[in-house]
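Whatever order the structure lists them in is the order used to number ligands and atoms, beginning at 1. Residue indices begin at 1 and follow the sequence shown.
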Amino acid sequence: MVKNTKLAVWLEEIKELCQPDDFIICDGSDDEYNRMWDILIKSGVARQLDHDKRPNSYLVRSDPKDVARVESRTFICSEDEADAGPNNNWIPPDEMRKTLKGLFKGCMHGRTMYVIPFSMGPVGSPIAHIGVEITDSPYVVASMHVMTRIGKAVLEELGRDGEFVPCVHSVGLPLDDLDKDVPWPCNPDNLYISHFPDSREIWSFGSGYGGNALLGKKCFALRIASAMAHDEGWLAEHMLILKLTNPEGAVHYIAGAFPSACGKTNLAMLIPTIPDWKVEMVGDDICWMKFQQDGRLFAINPEAGIFGVAPGTGMASNANAMLSLHRDCIFTNVAETDDGDIWWEGMTEEPPDHLIDWNGNDWTPESGTLAAHPNARFTVSAAQCPVIADEWEDLAGVPISAILFGGRRATVVPLVNEAANWIQGAFFGSIISSEKTAAASGTIGELRRDPMAMLPFCGYNMADYWQHWVDISKMQHVQLPRIYYVNWFRKDADGKYIWPGFGENSRVLKWIFERCEGSADAVETPIGNLPTMDSLDLSGINLGQDEIAQLLSVEIDGWLSEIPLIEAYYTQYGDRVPQALRQELNSLRERLENAIPADG
Ligand code: SAT
Ligand code: MN
């Protein structure tokens, strides 16, 4: 069945290393998917939800020690430490290989080794790439069925000599160490999520959860793909992709990078408040972009599913996400209702009177604990989203007109700011930041930088990645998208959000759309191009003149005090920081200084 020579050799090698009892090449069929659930239900880790309420859907409870991506155990094993950069944990590749050989030796004793050929992107798309994940977790197999395109069609596409990214995953708990298997096997004390950007391999040991285990997502589609994109002249980004249609039926596609907790999924599925405008989703998390012959930048969503954070998602905050979840879903670490359905904080205003919480214990509103884990997830096919764009699986991808960078800033950063050109846009991307909230440790108001929302996902030195952004603009015959810095989170003197956000963000999208069309006005300011008061559609919104003025203000002093913070931030990347970005910073400072009134 395996025609690809490299794949056949590699499978034998890994089989010999991991010594599984059984060996299955996944075909991607419904039968196979259902078989995984039979196994998971029998093992006690999964339950089928009430079939009338939520057909063909499952609830899974992980080990409480294995509930999220673990950045401290994520490694970039480039030959040279400097190539991994201060943004990554580095272990020399030889040393890591030795460690991994030891850990993976016999690690699948008593288990089945599943081989998952998967395509990141529609099978056959010139923007797509293929990976093969080996795993001993049926939960990973089931999740990959939803999150990627897997099986026979991918093997066909791979052919005899096609290239693929090898991804090896084990929960790290061979059965011969145990009398009896546990429902959610894992090995949190020996966790390694390791990437070899030079040879383009992924090896992950000890966790079965999310991005640690579904290796197509952050490991391949961002960390390894960012290194590939760097070498091959394209972009692998942590961005949503949305389709925006105006009342006349004209369309622009917009990509957007936002750090976590900035409402990326909500924006991808937004319901506009302005009449007759339409937002549809192409992707909610990852975006691969390549230039086409005609010079335009085309994007695909490399994923096929949504792996969304459940808590906080409800009809009020994201109706389209809720409406995606009516059937064929996987829920992980949410709470279970007495009638065999699911619940999480924020799904409804009033919690049910009784639940089984994510740990499997009785729960009532008086319990004083969270019923769902804060990182509880829903896994669902993107095709089920009611506003999925028809062309979301087009092999050619969609042409990107604009790129957004967003952060969460109470002060200084205006609602929307258009970069004068690509380089200034890359500069904006490199400085996006969020204020720490009272909930996180550290000083309130202290900035956490997350350049291009890629800090945990850039598979090489962040400064080299910035240089790659700069170099993109020097490519021949390319039509570059416009770039915008947006901030929905400005607060007034009393600490209240000024901008209502959610569906009202469509007003900002409209301005960006009309800038792309050349029909909306902007004022040139020292920090970039801001909307004129008339060009931003604020009809019917309940905002006073001073509030609008605050949202669109150019705070000379505020920005001047940002300059040394940005400088200090760049310093950690030393002389690898692109000269072009340092120049942007310098000319920003000059423009700000010149804008100070002579008597001020
Ligand atoms: O757990 S994942 O990495 O897949 C998702 C996330 O980090 O948001
Ligand atoms: Mn993400």
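- Under the ring pair (Phe, Tyr, Trp, His ring centres under 6.0 Å) criterion, Phe75 pairs with Tyr192, not counting sequence neighbours.
- Ser43 pairs by the side chain to side chain donor-acceptor pair (under 3.5 Å) definition with nothing, not counting sequence neighbours.
- Here the protein contributes Lys218 NZ, His238 NE2, Asp285 OD1 as N, O or S atoms under 2.8 Å from the Mn ion (ligand 2).
- Between the side chains of Asn461 and Asp83, not a single donor N or O lies within less than 3.5 Å of an accepting N or O.
- Between Gly208 and His169 the shortest heavy-atom distance is CA-NE2, 4.2 Å.
- Neither side chain, Trp344 nor Thr313, offers a donor N or O lying under 3.5 Å from an acceptor on the other.
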For the pair Trp184 and Asp66, evaluate side-chain hydrogen bond (donor to acceptor under 3.5 Å, both in side chains) and give the outcome as yes or no after the intermediate values. CA-CA 9 Å; Trp184 179 281; Asp66 189 20; 2.8 Å; yes
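- Ion pairing between a basic and an acidic side chain is recognised when a charged N comes within 4.0 Å of a carboxylate O; Glu201 and Arg97 show such pairing.
- Between the side chains of Tyr114 and Glu32, no donor N or O sits under 3.5 Å from an acceptor N or O.
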Are there any protein N or O atoms under 3.5 Å from the N or O atoms of ligand 1? List them with distances, or say none.
unit_1: ligand 1; atom_1: 1 (O); unit_2: Gly211; atom_2: N; d: 2.9
unit_1: ligand 1; atom_1: 3 (O); unit_2: Arg69; atom_2: NE; d: 2.7
unit_1: ligand 1; atom_1: 4 (O); unit_2: Gly211; atom_2: N; d: 3.2
unit_1: ligand 1; atom_1: 7 (O); unit_2: Arg69; atom_2: NE; d: 2.6
unit_1: ligand 1; atom_1: 7 (O); unit_2: Arg69; atom_2: NH2; d: 2.9
unit_1: ligand 1; atom_1: 8 (O); unit_2: Arg377; atom_2: NH2; d: 3.1

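- Looking at Asn212 and Ser207, their side chains do bring a donor and an acceptor atom within 3.5 Å of each other.
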